[in-house]
Amino acid sequence: MRGATLYRYSVPMDAGVVLRDQRLQRREGLLVRLCEDERVGWGEIAPLPAFSRETLDEAQQAAQRRLRDWLAGGEPPDDALPSVAFGLSCALAELTQRLPETADYRKAPLCSGDPDELFARLQALDDKVAKVKVGLYEAVRDGMIVNLLLEALPDLRLRLDANRSWTRPKADSFARYVNPALRPRIDFLEEPCKTRAESLAFAQHSGIAIAWDESVREADFRVRAEPGVRAIVIKPTLIGSLTRCRQLIEQAHQAGLEAVISSSIESSLGLSQLARIAHWLTPHAVPGLDTLDLMRAQVLRRWPDSALPLQTVEQLETVWRS
Ligand SMILES: O=C(O)CCC(=O)c1ccccc1C(=O)O
Ligand SMILES: [Mg+2]
């Protein structure tokens, strides 16, 4: 006997969370619960506003169609909507015990806020890798912060993320401010420039390695080794099924690139599944999962050591059941 339920969660966000110029007041998404005989599997379907092409309503419609096929005995093909394909494939993988339980709860802290508190937090890390968003302010300020962090903590490595905000001259001026001796400790800079060609030329010119994030989701993107490119970032909610994510990870590893599993601001349920996927498929790369503290609550499953209150299944709205 098979059964399926869709729940909707809605979690208030921290006041300052802005995604591509729009403020995110609440994070909303669906949780899917599949059962078959005695077994249960959960997944999260949560299109990210300003990033996903599908809306939550479209995702719900598509999920219901797929679930009807599954309830009728089929093994539905992956959905065309990435968030739906990801959430359903996680739920099926839990149900069939193909998603290992062990998780990699390291999370490459996002550096912001009070510097003293930040230093204490970074000093306490085992694997000292942290992430800094750049390109929001002046390039000179970004460069100074990078120098400051790397000088203060000699075993720290940084991931930087410019989200395609720089022209090539802006990116060059950033690079000029970063002490050349410190540049090798920048593991990578995600998407420095507006175009891939500019980013590649920047990497080759500056000696700062780059990573693809937005590019990975473009139709004409192919994973390949290129001078100056070190990694690809995989945000499964924006990419698609577990099978598709595995394929990209394998292609990256074959090309000698690092593959980094990263958050699309899922709830604690989705984040903890990403931590399991990271431990399973990218065991050598610290995942980019430091987004739980942008939220004011956890959902269904706890992230270790988080003090945020938990919304239990009884508190979720049931939107569909069959
Ligand atoms: O990658 C991480 O470390 C955290 C996640 C993150 O930065 C992010 C989360 C949601 C949407 C976009 C981004 C981004 O990479 O800019
Ligand atoms: Mg990024």
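Order of appearance sets the numbers: ligands from 1, and atoms from 1 within every ligand.
- On a distance-only criterion, Thr291 and ligand 1 share no N/O pair closer than 3.5 Å.
- Residue Ser264 has no nitrogen or oxygen atom sitting less than 3.5 Å from a nitrogen or oxygen atom of ligand 1, judged on distance alone.
- Residue-environment remark: CZ (Arg224) stays at or below the threshold of 12 foreign heavy atoms within 6.0 Å.
- Because its NZ or CZ atom is both nearer than 6.0 Å to the ring centre of Phe51 and within 45° of the ring axis, Arg20 counts as a cation-pi partner of that residue.
- Applying the 6.0 Å contact sphere to CZ of Arg26 captures more than 12 heavy atoms from other residues, nucleotides or ligands.
- When side chains are defined from C-beta on, Arg196 counts as touching Asp220, because their heavy atoms get closer than 4.5 Å.
- The distance criterion of under 3.5 Å between nitrogen or oxygen atoms is met by Asn163 with respect to ligand 1.
- For residue Glu191, no N/O/S atom approaches the Mg ion (ligand 2) to within less than 2.8 Å.
- Remark: minimum distance from atom 15 (O) of ligand 1 to any protein heavy atom is reached at Lys235 NZ, 2.8 Å.
- Of all N/O/S atoms in Glu190, OE1 sits nearest the Mg ion (ligand 2).
- The Ser262 neighbourhood of ligand 1 comprises atoms 1 (O), 2 (C), 5 (C), with distances under 4.0 Å to a heavy atom of that residue.
- Asp126 CG: 12 or fewer foreign heavy atoms inside a 6.0 Å radius.
- Rounding to the nearest 10°, we obtain 170° for the angle at the Mg ion (ligand 2) between Asp161 OD2 and Asp213 OD2.
- Between Ser263 and ligand 1, not a single N/O pair is under 3.5 Å apart.
- When each of Arg27, Gln311, Glu28, Glu44 is tested with Tyr9 by the rule side-chain hydrogen bond (donor to acceptor under 3.5 Å, both in side chains), just one qualifies, namely Glu44.
- By the 6.0 Å contact criterion, NZ on Lys131 is enclosed, its count of non-hydrogen atoms from other residues, nucleotides or ligands being greater than 12.
- Distances from atom 16 (O) of ligand 1 to the heavy atoms of Lys133, Lys131, Glu190 put Lys133 nearest.
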